[in-house]
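What follows is a set of notes on a single structure, which appears directly below.
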Number of protein chains: 2
Amino acid sequence: MNAIKTDTEQKIIQAAHEVFIEKGMEGARMQEIADRAGINKALLNYYFRSKEKLFDAVFESTVASIIPQFASMLNMVESPQEIMFSFFNFYNTIFRENPYMPQFFFHEIWQHPEKLEGIIKSQNINPEELIRKMSESMPKFDESKFFPQHMIASVMGMCLFPHIARPLFQRLFFDNNDTQYNKFLEERTDFLMKIVGGIASESTNSISDNPDEDF
Amino acid sequence: MNAIKTDTEQKIIQAAHEVFIEKGMEGARMQEIADRAGINKALLNYYFRSKEKLFDAVFESTVASIIPQFASMLNMVESPQEIMFSFFNFYNTIFRENPYMPQFFFHEIWQHPEKLEGIIKSQNINPEELIRKMSESMPKFDESKFFPQHMIASVMGMCLFPHIARPLFQRLFFDNNDTQYNKFLEERTDFLMKIVGGIASESTNSISDNPDEDF
DNA sequence: GTCTATATGCAGATAGAC
DNA sequence: GTCTATCTGCATATAGAC
């Protein structure tokens, strides 16, 4: 809303972002935020009245930076394959750079879902519209009336899991080797596209007005 | 390890379980745990020396109650379809009854992954063995050497997502209607089995020594 | 074992100098 | 705007009576 933020304000937001995202709202310490920002605790309260308000500011700025990409992705989509492909890339770029972010979101999802819903709907994202589009482009897969929701949940789950479970998953199945795991993540888009290609072609082969069948 | 726990101890563990799982380690309050257990705060410290030790006790008892089911599931498995099917049912029963549990685990995954790894490996779960089995039963799907890992990550992600994202997902795509969402969850095993059936048959059709191809 | 009362410590917030 | 010093409150932990 407001225009240019001061330099200090930016440093605070940045530091707070790091700490909140790693430690969560409850686990974060104002002292640590101040330290990372290279300023004093008191300044935090000068700029943001309280810890809670600081958290809200951080959260909203984080969401605000992501949602637009997400929205434009959803809105420009025509075929299910495009949706999937965009999802994969989206998640892989966002979360590889910000490994703690999913946890951050999930915390809010459970503690203040209504707030998140508000933020999302205030952007130009329309869930009903998305469902409608998907229903049209793959209507014959089976008789479930929740087919689009199943698809969305599946794609998101497949994309998210390697990121949100990474510390344990990498330990158990990759000898805790970072290099190997990154290779795995790089492969993953291809792998998922093959899966979804299969599912989508089953669902669209009755209509087949999609030129990009061979995804 | 130790034998029968006292009644009070049980009540504490139960109450602590609830609170920790809803609020997390940092967000939980000893007072609230005491209240729910119907006892005094001081007693918590009498039975468990500190909040941290109480948390550890709760966490290990939770894991201990789940891992055995998980382990026997993995070990009795012969075909990939069986693995998937077991996963679906496992997650759906566990997490529908304990909606906060995934968050609880993910918190530990990020804060103390080595602890979790230790607990898991101390049970009779062997990740390498699982990977080996899966490689044998579906070797030809593609050239990726991480194919089993992709499958595991995919299945877990598809199972978990509707549970861990429920508060938001239900709001966005189900008008926040519990009944509808539960229907969706009930449908989900079928849906996922169809998907995996497709993938698995693609991967096994070159060998086809599996009698349960028609899953 | 269970309680009440109290101590301790620390994190968030404020006051006020510069 | 930024700092040092201080206050306040709360959560964990302990002491000690019963």
Side-chain angles (χ1 to χ4, degrees), chain A residues 1-62 100 103-104 107-108 111-112 115, chain B residues 1-62 100 103-104 107-108 111-112 115:
Chain A
M1 290 298 160
N2 43 3
I4 307 104
K5 298 216 170 67
T6 68
D7 192 50
T8 306
E9 210 171 338
Q10 284 297 357
K11 280 195 301 189
I12 293 176
I13 288 268
Q14 172 59 27
H17 176 88
E18 291 174 22
V19 177
F20 278 131
I21 230 171
E22 285 175 32
K23 309 285 171 67
M25 166 68 184
E26 328 284 344
R29 293 289 163 257
M30 296 292 266
Q31 184 62 60
E32 190 177 353
I33 295 174
D35 291 346
R36 292 211 205 178
I39 52 141
N40 191 276
K41 257 201 316 181
L43 261 196
L44 298 179
N45 290 301
Y46 173 77
Y47 279 98
F48 306 85
R49 272 182 53 83
S50 68
K51 184 185 184 183
E52 201 181 339
K53 286 198 170 55
L54 176 54
F55 181 84
D56 287 348
V58 166
F59 188 75
E60 279 173 35
S61 89
T62 304
Y100 287 97
Q103 268 296 92
F104 185 61
H107 182 267
E108 283 302 288
Q111 299 302 324
H112 313 285
K115 221 195 271 181
Chain B
M1 290 300 160
N2 44 3
I4 308 106
K5 299 217 168 68
T6 68
D7 192 48
T8 306
E9 210 172 338
Q10 284 297 356
K11 279 195 301 189
I12 292 175
I13 288 269
Q14 171 60 27
H17 177 87
E18 292 174 22
V19 178
F20 277 131
I21 231 170
E22 285 176 31
K23 309 286 173 67
M25 165 68 186
E26 326 284 344
R29 293 290 162 254
M30 295 292 264
Q31 185 62 61
E32 188 176 356
I33 295 174
D35 290 346
R36 289 211 206 179
I39 53 142
N40 192 277
K41 261 199 312 180
L43 260 195
L44 298 178
N45 291 298
Y46 173 77
Y47 279 98
F48 306 86
R49 272 183 53 84
S50 68
K51 183 185 182 182
E52 201 182 339
K53 286 197 170 54
L54 175 55
F55 181 85
D56 287 348
V58 166
F59 188 74
E60 279 172 35
S61 89
T62 304
Y100 287 98
Q103 267 296 94
F104 185 59
H107 183 267
E108 284 301 288
Q111 300 301 322
H112 314 285
K115 221 195 272 181

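On a predicted model such as this, the values are computed, not experimentally measured, just so you know. Heavy atoms only: backbone and side chains are in, while hydrogens, waters and symmetry mates are out.
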For side-chain hydrogen bond (donor to acceptor under 3.5 Å, both in side chains), just list the numbers for Gln14(A) and Glu18(A), CA-CA rounded to whole Å, side-chain angles, deciding distance to a tenth of an Å, and then say yes or no. CA-CA 6 Å; Gln14(A) 172 59 27; Glu18(A) 291 174 22; 3.1 Å; yes
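Taking side-chain N and O atoms only, Asn45(B) has no distance below 4.0 Å to OP1 or OP2 of dT12(D). Dashed line: the shortest gap from a side-chain N or O of Thr8(B) to OP1 or OP2 of dT2(C) is under 4.0 Å. Between Tyr47(A) and the phosphate of dT2(D), there is a side-chain N or O to OP1/OP2 separation shorter than 4.0 Å.
In this structure, NZ of Lys23(B) is placed 12 Å from P of dT12(D), rounded to the nearest angstrom. Atoms CD (Glu9(B)) and C1' (dT2(C)) sit 15 Å apart, rounded to a whole Å. Following rounding to the nearest Å, Asn40(A) (CG) and dA13(C) (C1') show an atom-to-atom distance of 12 Å. The CD1 atom of Ile33(B) sits 14 Å away from the C1' atom of dA13(D) (whole-angstrom rounding). Atom CD of Gln31(B) and atom P of dA13(D) are 13 Å apart (whole Å). Between the CD atom of Glu26(A) and the P atom of dC10(D) there is a distance of 16 Å, given to the nearest Å. Look at CG on Leu44(B): it is 13 Å from C1' on dT14(D), rounded to the nearest Å. Protein atom CG of Leu43(A) is 12 Å distant from nucleotide atom C1' of dT4(D), rounded to whole Å.
Closest-nucleotide positions on DNA chain C for Arg29(A) and Arg49(A) were compared, and the one nearer the 5' end corresponds to Arg29(A). Residue order along DNA chain D, read from the 5' end via each residue's closest nucleotide, puts Tyr46(A) first among Lys41(A) and Tyr46(A).
You'll find that the side chain of Met30(B) is closest to dT12(D), out of dT4(D), dT2(D), dT12(D). Residue Ile39(B) has its side chain nearest to dC3(C) when only dT14(C), dC3(C), dT12(D) are considered.
Less than 6.0 angstrom separates the ring centroid of Phe104(B) from the ring centroid of Phe55(B).
Here the closest non-hydrogen pair linking Ile13(B) and Val58(B) is O-CG2, 4.0 Å.
Looking only at distances, no side-chain donor or acceptor of Lys41(B) sits under 3.5 Å from a matching main-chain atom of Glu32(B). Judged purely by atom type and a 3.5 angstrom limit, Lys51(B) uses its side chain to pair as donor or acceptor with the backbone of Ala28(B).
A search for ring pair (Phe, Tyr, Trp, His ring centres under 6.0 Å) contacts involving Tyr47(B) returns nothing, not counting sequence neighbours.
Across all strands, Ala28(B) comes closer than 4.0 Å only to sugar-phosphate atoms, never to a base (heavy-atom distances).
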Distances for protein N/O vs nucleotides 7-9 of chain D N/O pairs under 3.5 angstrom?
none

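Rounded to the nearest 0.5 Å, atoms CZ (Phe48(B)) and CG (Asp56(B)) are 11.0 Å apart.
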